[in-house]
Structures are given as structure tokens and as C-alpha cells.
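All ligand and atom numbering here is 1-based and tracks the order in the structure. Positions are given from 1, in the same order as the sequence printed here. Note that this is a predicted model, so its numbers are computed, not measured.
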Amino acid sequence: MALIELKNLTYHYPLTNSPALQDLDLEVQEGEFLAIVGANGAGKSTLCYTISGFIPHFFKGELAGSVSVAGIDPTKAGLGEFVQKVGLVFQNPFNQISGSKFTVYEEIAFGLENLGIDPAEMRERVDEIIRLTRIEDLKDRSPYALSGGQQQRVALASILVMRPQILVLDEPTSQLDPIGSQEVFQVIKDMALQGMTIIMAEHKVEWVAEFADRILALSAGQAIKLGTPREVLGSPELPEHGIGISRYTQVARKALQAGLWPEKRSMPVTLDECVQGFQEIIA
Ligand SMILES: Nc1ncnc2c1ncn2[C@@H]1O[C@H](COP(=O)(O)OP(=O)(O)OP(=O)(O)O)[C@@H](O)[C@H]1O
Ligand SMILES: [Mg+2]
């Protein structure tokens, strides 16, 4: 059985007529890295909430079809059971802050404290995550006195420290600068290499192309494409659904028009594939 299984899932937020997710079928295997792409309002966050139990426990509404996440059926189990298995990093990091802690260090330790983890182990785990997410300089600051990008790193740290079996990231770098995004993507990639199952909603398609095993493209709550980065991002209908194409594909398309791209070579989606195409034509 797949680690995450959604069958014929349709979800309406309370008091809405059109579904935020419609007839969605999805299976994610243990250790897989699935990225979700889609225009604003496509349903990415809604899907992240569904996989992490916030739907139907926090957002009520109407859920039809079936959901199974690490053997848990959210309509039968409480949010507490999800918290042990699934960590959700919210799109808006402000939503992640507990509101009860004075420093970033305490904020990151909060979840472990609730689990009653031994203090020495807790310190070790918090220190390790602070190093990994590069927020040493923030650890004595108030979680409220941070920039959006700094809060986003703290939010990620507070989830990673819990070592969830499934990590759900809703646009985890939306407020980070290019170097910060690169650093955070590297941390996420390391988690994937360690075998964590990752679901990530993300607009930066070049990154997604590089890291994800598969990509799900959503439009108006429906799955329009599911496959490898090449299958999905190479698909010509993506722009019709407001989904950007990789800048490497754009470069190669221009180069093809100018006779500077090998005609038989397919369009690249990653930087490496783009460079290989140019190497071939130079050789
Ligand atoms: N709390 C809510 N109540 C009612 N409708 C909602 C709620 N949250 C989202 N929606 C609607 O559900 C649909 C999907 O929204 P969702 O936030 O999942 O999109 P998204 O793909 O995450 O967009 P973005 O890129 O802007 O983050 C949209 O039509 C949105 O208006
Ligand atoms: Mg969203």
C-alpha cells in the first residue's frame, strides 16, 4: 500500500459552491519526493492541508472520497495522530508560530517539549536543526521580531526537529532571497536523500525539476498532469493553466528557433540538461 493514497477526493471549503479539489487520485510511495505546481488558487495549499490532516480537522467543509496517510484516515483519527507522522510547513510562516515562546530556540524546542523528550536529547536535536537551517544568529530573538524569510526558516526548523515521516512544505521559500532559497532547497534535498517522504507545493519550477521524483500539476482543483519532471514540465499545455515553464526550456526554445539547439534533442527542464544540449551542438 502506498504511504499516501487519495481516491476520488473532492473537497469544498465551508459555504462554497465550487470544490477547491475535485476528483483527485494520488498515490505517493514511501521516500518519494512529490512537487505540486499550479497557478494561484489551483488548490496546492488545500492539498497540503488534506495530507496533513488540517482538512477536515481545522478547515471543516465537505470531504468526499477517501484519504489515507501513513495508514491514518483523517475522518476517523484526530489531528494529534497526524502530528506524530506528518509535519506541515505553512505557506505563511506566521501561522506556524506557537505564540507562547519568547525565543526562537524555545519555539523550535516547543514540539519536542510537548512530546516529553528528555532535555539533553532535546537540546541536541534543537542545536542540530538550528545549524542545519542556518539560524544560529536568530536563536535568542523573539519569533515575532523576524523578517518573513527568517520566520520561514524558523518554521521549517520547528517542523524538521520533529523528524516527521512525511514532510509537507507549502511554498517553503516564498519569502526567501535567492541564496536563502538555495540553502533551504539544499536542506530539503538532504532530507529527501535521507529517505523522508516529501510533498512540496512550489512555483519555482527549475528547482522542482531538479529535486522532485514526480510532479503533480493542478488547475482549478483538478489534476491536469502527473508524472516525472520532464513529462509534466515539458508539456505544452502547462502555460494554458497559468503554470510557468522552466527558464532552461525557454532558453532552449529560443536557441532552437535560432538554429542553436540540436533538433533531435528534447527540451531541457534542468540546468544540466540545458548545458548538455549546448555541449552537443558545440562538439
Ligand atoms: N478558507 C477558505 N475558505 C473558502 N475558500 C477557500 C479557502 N481557502 C482557499 N479557498 C479557495 O480554494 C481554492 C484553492 O485555494 P488554495 O489556497 O488551495 O490555492 P493555492 O494553489 O494554494 O494558491 P496560492 O498559489 O495562491 O497559494 C481557491 O479557489 C480559494 O479561493
Ligand atoms: Mg497556497
| Charged N to carboxylate O under 4.0 angstrom, Glu81 versus Lys85? | no
| Heavy-atom contact under 4.0 Å between Gly43 and ligand 1? | yes
| field | Nearest-contact summary for atom 17 (O) of ligand 1 - protein heavy atom, Å | value | Ser45 CB, 3.7 Å
| remark: Taking only non-hydrogen atoms of Ala20 and a 4.0 Å limit, the atoms of ligand 1 in range are 12 (O), 13 (C)
| remark: atom 25 (O) of ligand 1: closest protein heavy atom, distance to 0.1 Å, is Lys44 NZ, 2.7 Å
| task | Assess whether atom CZ of Arg141 is packed by more than 12 heavy atoms of other residues, nucleotides or ligands within 6.0 Å. | result | yes
| request: Determine if the distance from atom 19 (O) of ligand 1 to the closest protein heavy atom is below 4.0 Å. | output: yes
| message | Check whether His12 reaches the backbone of Asn17 with its side chain - one donor and one acceptor, N or O, closer than 3.5 Å. | response | yes
| message | Does atom CG (Leu115) have a neighbourhood of more than 12 heavy atoms from anything else shown, all under 6.0 Å? | response | yes
| Quick check: are there more than 12 heavy atoms from other residues, nucleotides or ligands sitting under 6.0 Å from CZ of Phe94? | no
| note | Honestly, for Leu218 the part within reach of ligand 1 (heavy atoms, under 4.0 Å) is neither
| said: Using a 4.0 Å cut-off to any heavy atom of His203, which atoms of ligand 1 qualify? | reply: 25 (O)
| task | Look at the rings of Phe211 and Phe185 and say which category their plane angle falls in: under 30° parallel, 30 to 60° tilted, over 60° perpendicular. | result | tilted
| Tell me, do Asp213 and Thr228 make a side-chain contact under 4.5 Å, heavy atoms counted? | no
| Sub-4.0 Å heavy-atom contact, Ala220 with ligand 1 | no
| Does CD in Glu113 sit with more than 12 non-hydrogen atoms of other residues, nucleotides or ligands closer than 6.0 Å? | yes
| message | If the cut-off is 4.0 Å to any non-hydrogen atom of Glu171, which atoms of ligand 1 fall inside it? | response | 25 (O), 27 (O)
| message | If I compare all heavy atoms of Ala2 with all of Glu5, which pair ends up nearest, and what's the gap? | response | N-OE2, 3.5 Å
| said: Checking a contact table here: which protein heavy atom is nearest atom 23 (O) of ligand 1, and how many Å away? | reply: Gly41 N, 2.8 Å
| task | For Leu193, look at atom CG and say whether over 12 heavy atoms of other residues, nucleotides or ligands are found less than 6.0 Å away. | result | yes
| message | What I want to know is whether Ala42 and ligand 1 share at least one N or O pair that is separated by under 3.5 angstrom. | response | yes
| message | Would you say the Mg ion (ligand 2) has Ser45 as a near neighbour, meaning an N/O/S atom of that residue under 2.8 Å away? | response | yes
| message | More than 12 heavy atoms of other residues, nucleotides or ligands under 6.0 Å from CD of Glu62: yes or no? | response | no
| Ligand-residue contact atoms, ligand 1 with Asn40, heavy atoms, under 4.0 Å | 23 (O), 24 (P), 25 (O), 26 (O)
| task | Below 4.0 angstrom from a heavy atom of Gln91, which ligand 1 atoms are there? Numbered from 1 as shown, please. | result | 27 (O)
| note | Ranked by distance from atom 2 (C) of ligand 1, the top protein heavy atom is Tyr13 CD2, 3.4 Å
| remark: Per-atom filter on ligand 1: closer than 4.0 angstrom to a heavy atom of Thr46 are 14 (C), 15 (O), 16 (P), 18 (O)
| Are any non-hydrogen protein atoms located under 4.0 Å from atom 13 (C) of ligand 1? | yes
| query | Mind checking whether the Mg ion (ligand 2) has an N, O or S of Asn40 under 2.8 Å? | reply | no
| Close-contact set for ligand 1 against Ala39 heavy atoms, below 4.0 Å | 21 (O)
| message | Testing the basics here: between Pro229 and Val208, what is the closest heavy-atom pair and its distance to 0.1 Å? | response | CG-O, 4.5 Å
